[in-house]
Each structure stands twice: as C-alpha cells, then as structure tokens.
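Notes for the one structure printed next.
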Amino acid sequence: MQIGLERSFASQPAQLVLADDEIVDLVKESEVRTGKAGRRFVILGAERLAYRVLAHVGGLEITRFDEGGRPRECVYVPVGSLDQHPLMHAQRAGCLYTQPLTR
C-alpha cells in the first residue's frame, strides 16, 4: 500500500501534534469523520519518517513506511506504553505532524 506522504505533506499544510494524548484523539477523529481506518503522521526532521496509526481496543497499531510508501514494520503498542514509541518522542520534540481533516 502506498500512502503518498511525501507528496501530500509537501503540497498541503500540516498540523503540528502538540498534546500527549492528541495522537489517540486524532486517530479516532479521523476514523469517525472519514470512515477509513487509521491516520497518517510524519516525523519531520533530517528524514521524513512516515507512519500510519490505527486505533484498537487498549492500544494502537503503528506501521512505519519506507521512502517508497511500502510498509516497513508494524507494531502494536498498548496505550500505557505509547510514551516509549518514537512517535511520542517526536511529538515531545515538536517534530510530529499530521494533515488536518478536510470537510
């Protein structure tokens, strides 16, 4: 599955993810409003690390994608362990972005 994060984040405004609990809320909001599973996030730094996050009962399924948009690794992270994932490290450093949902 190619997710096209490079093109979409280069051509559209991105929303900085600020609050610690915002990742879970943003994923759930996206799933409810779009009817599609998951939400895309990018860690903007020296590299653009692309992720898709899906909400599950008690945790999140986090898939990292390579530069070509192909799944590289997928992990299940319980909500209590989310603070140890690179997404949370990037969020605390002010480097985690997602695209705002359109109406």
Side-chain angles (χ1 to χ4, degrees):
M1 172 182 167
Q2 294 209 353
I3 58 173
L5 281 172
E6 286 295 328
R7 284 188 309 275
S8 62
F9 270 86
S11 64
Q12 297 179 3
Q15 171 184 342
L16 180 63
V17 180
L18 295 172
D20 285 347
D21 61 346
E22 195 171 13
I23 292 174
V24 175
D25 293 342
L26 287 168
V27 170
K28 289 179 181 177
E29 173 196 30
S30 179
E31 291 179 344
V32 168
R33 287 184 55 194
T34 67
K36 297 178 183 176
R39 187 165 186 154
R40 298 178 297 181
F41 293 88
V42 170
I43 298 174
L44 296 177
E47 297 178 75
R48 289 186 175 205
L49 304 177
Y51 293 86
R52 182 186 63 219
V53 181
L54 295 124
H56 290 284
V57 175
L60 299 173
E61 178 185 312
I62 303 173
T63 304
R64 181 164 172 221
F65 291 83
D66 66 16
E67 298 81 16
R70 294 174 299 275
R72 181 172 165 191
E73 60 186 54
C74 182
V75 296
Y76 176 82
V77 181
V79 172
S81 300
L82 186 58
D83 62 334
Q84 299 170 12
H85 193 275
L87 284 177
M88 290 302 293
H89 296 255
Q91 179 270 325
R92 286 191 290 272
C95 299
L96 184 63
Y97 292 84
T98 190
Q99 290 183 315
L101 297 177
T102 57
R103 296 190 185 257

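In this text, all values refer to a predicted model and were calculated from it rather than measured experimentally.
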Side-chain polar contacts of residues 72-84 - donor-acceptor pairs under 3.5 angstrom, sequence neighbours left out - could you list them?
| from | atom 1 | to | atom 2 | distance (Å) |
| --- | --- | --- | --- | --- |
| Tyr76 | OH | Val57 | O | 3.0 |
| Tyr76 | OH | Gly58 | O | 3.4 |
| Tyr76 | OH | Gly59 | N | 3.1 |

Side chain to side chain contact (heavy atoms under 4.5 Å, CB included) evaluation trace for Arg52 with Phe65: CA-CA 8 Å; Arg52 182 186 63 219; Phe65 291 83; 3.6 Å; yes
Audit row: Phe41, Val17, side chain to side chain contact (heavy atoms under 4.5 Å, CB included) steps and yes/no: CA-CA 9 Å; Phe41 293 88; Val17 180; 3.9 Å; yes
Side chain to side chain contact (heavy atoms under 4.5 Å, CB included) between Leu49 and Val42, intermediate numbers included: CA-CA 5 Å; Leu49 304 177; Val42 170; over 6 Å; no
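In terms of the side chain to side chain donor-acceptor pair (under 3.5 Å) criterion, residue partners of Glu61 (sequence neighbours excluded) are, by chain and number, His56. Remark: Ala90 engages Ile43, Cys95, Leu96 in a side-chain contact (heavy atoms from CB on, under 4.5 Å) (not counting sequence neighbours).
With respect to Glu67 and Arg48, no salt bridge is recorded, no charged nitrogen being found less than 4.0 Å from a carboxylate O.
From His85, atom NE2 reaches atom CD1 of Ile23 across 9.0 Å, with rounding to the nearest 0.5 Å. Going from atom OG1 of Thr98 over to atom CZ of Arg40 covers 8.0 Å, rounded to the nearest 0.5 Å. Summarising the geometry, atom OG1 belonging to Thr63 is positioned 6.5 Å from atom CG belonging to Leu54; distances are rounded to the nearest 0.5 Å.
Looking at Glu29, its side chain never comes within 3.5 Å of a backbone N or O of Asp25 through a donor-acceptor pair.
Here the closest non-hydrogen pair linking Glu31 and Gly38 is OE2-N, 2.8 Å. For the residue pair Gln99 and Arg39, the shortest heavy atom distance occurs at O-NH2, 2.7 Å.
In this structure, Tyr97 and Gln15 have side chains that are not in contact, with every pair of non-hydrogen atoms separated by 4.5 Å or more. Contact annotation: the side chain of Val24 approaches that of Leu60 to within less than 4.5 Å [non-hydrogen atoms, C-beta and beyond].
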